[in-house]
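So the structure is just underneath, and the comments pick up after that.
Owing to the predicted nature of the structure, the values given are computational and were not obtained by experimental measurement.
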Amino acid sequence: MAEVQVQEKGGKGGKVRSKKNNPRVDMTPMVDLNFLLLMFFMFTSTFSKPNVMDLGLPAKPKDEKQKPPPTEIKLSNSISLLLGKNNRIFWHQQDNTSLTDQNLNETTFDREGIRKVIEQAKANAADKTKFTVIIKPTDDAVYKNFVDILDEMAITKSEQYGVTDVKPWEKAIYERKIAGAPAVTK
């Protein structure tokens, strides 16, 4: 048990008094009270709410007649980004017949990496107003890399971008690429 030490005041002279016993204060109920208060505040307080990124998605049409026709994105006006495991990112501007291990290029997430690639692809686009970035996160990608790519869209002022699944022909080449080559480091 905890005790409170009371210091005696020493006198120079005078009457000799008998020594009094020091008072003891039991602190055990105070500890119990502190735990009760702590639990009360933990259960009654609100925890911080998770931050959610707002993605502006178009509304689904109610009628099939209002559904817009499927849009075709030309390869000369687009770039595909594959977000892979271990913070790796790959890009290409090929279709399913011409994509190979050699033209599935790897870059980094810094300004000399993916930002430069997006800006060069935008500059080389046939129609710069229709330039589209297609983001394809793999099952191995982490959420942080997805957020970083969305930040790059804002930095490079790429207003037209979409998120879609990796096509099977891209996945086959991606898996061959990550199995055979080490990660790019700059």
> For Leu82 and Trp91, what are the C-alpha separation, side-chain angles and deciding distance, and is it a side chain to side chain contact (heavy atoms under 4.5 Å, CB included)?
Replying inline: CA-CA 6 Å; Leu82 277 75; Trp91 63 275; over 6 Å; no

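- In this structure, Ile149 and Ile89 approach most closely via the heavy-atom pair CD1-CD1, 3.4 Å.
- If you take CZ on Arg88 and CG on Asp140, they are separated by 10.5 Å, rounding to the nearest 0.5 Å.
- Side-chain heavy atoms closer than 4.5 Å link hydrophobic residues (I, L, V, M, F, W, Y) into clusters, and following such links, possibly through other members, connects Ile114 to Tyr143.
- In Asp139, the CG atom is not crowded: 12 or fewer heavy atoms of neighbouring residues, nucleotides or ligands sit closer than 6.0 Å.
- Counted by atom type alone, Thr108 and Asp110 present one or more donor-acceptor pairs between their side chains at under 3.5 Å.
- At distances below 3.5 Å, at least one donor-acceptor pair connects side-chain atoms of Asn103 with backbone N or O atoms of Thr100.
- From Asn105, atom CG reaches atom NZ of Lys177 across 6.5 Å, with rounding to the nearest 0.5 Å.
- In this structure, the side chain of Asp95 engages the main chain of Ser98 through a donor-acceptor pair within 3.5 Å.
- Residue Phe131 comes nearest to Ile118 through the heavy atom pair CZ-O, 4.1 Å, listed as atom of the first residue, atom of the second, then distance.
- Under the 4.0 Å criterion applied to side-chain N and carboxylate O atoms, Arg176 and Asp101 are assigned as salt-bridge partners.
- The structure places OG of Ser158 at 9.5 Å from CD1 of Ile79, a figure rounded to the nearest 0.5 Å.
- Using a distance-only test at 3.5 Å, with no hydrogens or angles considered, a donor-acceptor pair links the side chain of Lys122 to the main chain of Lys157.
- Here Ile178 contributes atom CD1 and Glu106 contributes atom CD; the two are 10.0 Å apart, rounded to the nearest 0.5 Å.
- Ser45 and Met42 make their closest contact through OG-O, 3.4 Å (heavy atoms, listed as atom of the first residue, atom of the second, distance).
- Put simply, CD1 on Ile135 and CZ on Phe146 are 5.5 Å apart, with the number rounded to the nearest 0.5 Å.
- Closest non-hydrogen pair, Arg115 versus Ile155, comes out as NH2-CD1, 3.4 Å.
- The CD1 atom of Ile134 sits 10.0 Å away from atom CD of Gln93, with the distance rounded to the nearest 0.5 Å.
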>> Under the criterion side chain to side chain contact (heavy atoms under 4.5 Å, CB included), I'd like the reasoning laid out for Leu83 against Phe109: C-alpha separation, chi angles, the key distance, then a yes or no.
In response: CA-CA 10 Å; Leu83 306 178; Phe109 278 96; 4.1 Å; yes

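- By the criterion of side-chain heavy atoms lying less than 4.5 angstrom apart, applied directly or through intervening Ile, Leu, Val, Met, Phe, Trp or Tyr residues, Met30 is grouped together with Leu37 in one hydrophobic cluster.
- Met153 and Val147 fall within a single hydrophobic cluster, where Ile, Leu, Val, Met, Phe, Trp and Tyr side chains are chained together by heavy-atom contacts under 4.5 Å.
- Across every non-hydrogen atom of Thr156 and Glu152, the tightest pair is OG1-O, 2.7 Å.
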Side-chain atoms of residues 163-172: list all donor-acceptor pairs with protein atoms under 3.5 Å, sequence neighbours left out, distances to 0.1 Å.
| residue | atom | partner | partner atom | Å |
| --- | --- | --- | --- | --- |
| Glu170 | OE1 | Lys136 | NZ | 2.8 |
| Glu170 | OE1 | Lys167 | N | 3.1 |
| Glu170 | OE2 | His92 | NE2 | 2.6 |
| Glu170 | OE2 | Lys136 | NZ | 2.8 |

